[in-house]
Protein chains: 2
Amino acid sequence: MLSDVMEDYLKAIYYLERDEGAPIGTSRLAEYLDVTAPTVTSMVDSLEERGLVDREKYKGVELTADGETVAVEVVRHHRLLEAYLTEHLDYDWSEVHDEADALEHHISEEFERRVANALGDPEVDPHGDPIPSPDLTPPDEGTGTRLDEHGENERLKVERVSDRDADELAYLQDAGVVPGTVLEITDVAPFGMVTVDVDGDEQSLPESVARSIRVSVATDSDESVVEEA
Amino acid sequence: MLSDVMEDYLKAIYYLERDEGAPIGTSRLAEYLDVTAPTVTSMVDSLEERGLVDREKYKGVELTADGETVAVEVVRHHRLLEAYLTEHLDYDWSEVHDEADALEHHISEEFERRVANALGDPEVDPHGDPIPSPDLTPPDEGTGTRLDEHGENERLKVERVSDRDADELAYLQDAGVVPGTVLEITDVAPFGMVTVDVDGDEQSLPESVARSIRVSVATDSDESVVEEA
DNA sequence: ACTTATGTTTAGATGTGTCTAATCCTTGGT
DNA sequence: ACCAAGGATTAGACACATCTAAACATAAGT
Ligand SMILES: [Mn+2]
Ligand SMILES: [Mn+2]
Ligand SMILES: [Mn+2]
Ligand SMILES: [Mn+2]
């Protein structure tokens, strides 16, 4: 059996590989998990002994196929829980991340199945993140492009939003920027601030926020105001 | 912060005090928690340092008011979870105990509130055990008397059933012995086996099972077959 | 009152997850 | 090709939760 700490390391490596590419350095992982570098060194060492990561000293670490499967399972738990909490327990999308982080390591396979069933096996969680299927095939995490990579006058559809900062999520909900929203970039300031038009309202988003929003180019069939199911 | 192991010790002491009276001996607690006696000695020692138990060497241990409050909170979590799993996720009452045992240490106060709300603040869990109120006043755990303390021809109403043995629960559900059931004792064998009449069906219960069922004397207003809400 | 059985505690060890301080690689700048 | 800076690992420590083996206290039995 794996400890929840080990599961958190694997999940962190999974996210960092997705966002920044393998291999992941010791200090990056230490920063992300809020522990010291020597702690990471010893932990990834035991993960390697269990065959869950490949590691090259002084280089970094990456998931093996087994390690990725564990990570994907934890991610499935996390995103199913986030969806369940919003759909059935009336949580706000800005509140669910921490709760899911605590529960994801402690639910049974039976609980996972029943929650998925109660939700009707959804494809994405409240932030637009793909929910891995029960067979634990790694989902496509690469949908869309970062909002800060686009320029003025582009008409874009919001695909997903980072779920890690509750304040940011509360602000975005207020601004109407949620998965499915169609927006148009009206201005990009030199220091990266992006101003967008959401259904007639102008919203200014700091670069750090714009970077955490993933979008696709809006097609004609994307209505600008429609609330999606 | 308390570890989940510490919470489990406090919950165990709470249950053992209820069933067997304080103080609780080291080896009894060791048996109940499936650890060795020295492990218990060192654990209760640190619980005493935190002011959660009173302890007299070579005598035993009992909860302080603070310790009881922690125990009652864990019990509230446990029983709310059991109720939620049966009511909203279609679990059988025989399956919920282990799931609740794992989750009870990891839910937030917010989650506790929302689950209680979704259930309409129930008084009892699926096994008839009282759910402590949010202010954590110790509930009355003494309702009813043990079925094995009654004799032939007594007409009794089932108040609660132990939730710890899944097989036993499955059997009892099949036999129709659930909280609210009215039954009549038709025979008590010398070795403790109790035979009861449940709505015309005869059911034989070994002494160990009879001991884990708590009942009250049925009144005229207790219909023999009615399923309670 | 003595002795023994039972139950409890102490002593000492292990594994996990973490830390700080010290040492050791690797690499980019000159 | 050298060296300094930054990042990574090793060394040594600590808290927690657990164990086995040994010593000890209490309670019962004679
Ligand atoms: Mn986590
Ligand atoms: Mn999410
Ligand atoms: Mn537990
Ligand atoms: Mn119960």
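Throughout, a chain's letter reflects where its sequence line sits, starting with A, and its residues are numbered from 1.
Here Arg55(B) lies in heavy-atom contact (under 4.0 Å) with sugar-phosphate atoms only. Among the protein residues, Thr41(A) comes within range of the nucleic acid bases, having at least one heavy atom under 4.0 Å from a base atom.
Between His127(B) and His97(B), the ring centre distance reaches or exceeds 6.0 Å. Between His105(B) and His77(B), a ring centre-to-centre spacing not shorter than 6.0 Å is recorded.
For the residue pair Glu159(B) and Ser216(B), a side-chain donor N or O sits within less than 3.5 Å of a side-chain acceptor on the partner.
Summarising the local packing, CG of Asp34(B) is surrounded by 12 or fewer heavy atoms from other residues, nucleotides or ligands at distances under 6.0 Å. Counting non-hydrogen atoms of other residues, nucleotides and ligands closer than 6.0 Å to CD of Glu123(B) gives a total of 12 or fewer.
The side-chain tip of Arg113(B) does not point at the ring of Tyr91(A) from less than 6.0 angstrom away and within 45° of straight on. A cation-pi arrangement, defined by a distance under 6.0 Å to the six-membered ring centre and an angle within 45 degrees of its axis, is absent between Arg55(B) and Tyr9(B).
Nearest-nucleotide mapping onto DNA chain C: of Arg28(B) and Lys59(A), the residue sitting toward the 5' end is Arg28(B).
Protein chain A touches strand DNA chain D; the 5'-most and 3'-most nucleotides with an atom under 4.0 angstrom of its non-hydrogen atoms are dG7(D) to dT10(D).
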Output a table of nitrogen or oxygen pairs between the protein and nucleotides 15-22 of chain C separated by less than 3.5 Å.
from: dG17(C); atom 1: OP1; to: Ser3(A); atom 2: OG; distance (Å): 2.5
from: dT18(C); atom 1: OP2; to: Tyr9(A); atom 2: OH; distance (Å): 3.4
from: dC19(C); atom 1: OP2; to: Thr36(A); atom 2: N; distance (Å): 2.9
from: dC19(C); atom 1: OP2; to: Thr36(A); atom 2: OG1; distance (Å): 2.9
from: dC19(C); atom 1: OP2; to: Thr39(A); atom 2: OG1; distance (Å): 2.5

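Separation of atoms CG (Asp174(B)) and CG (Leu169(B)) is listed at 12.5 Å; rounding is to 0.5 Å.
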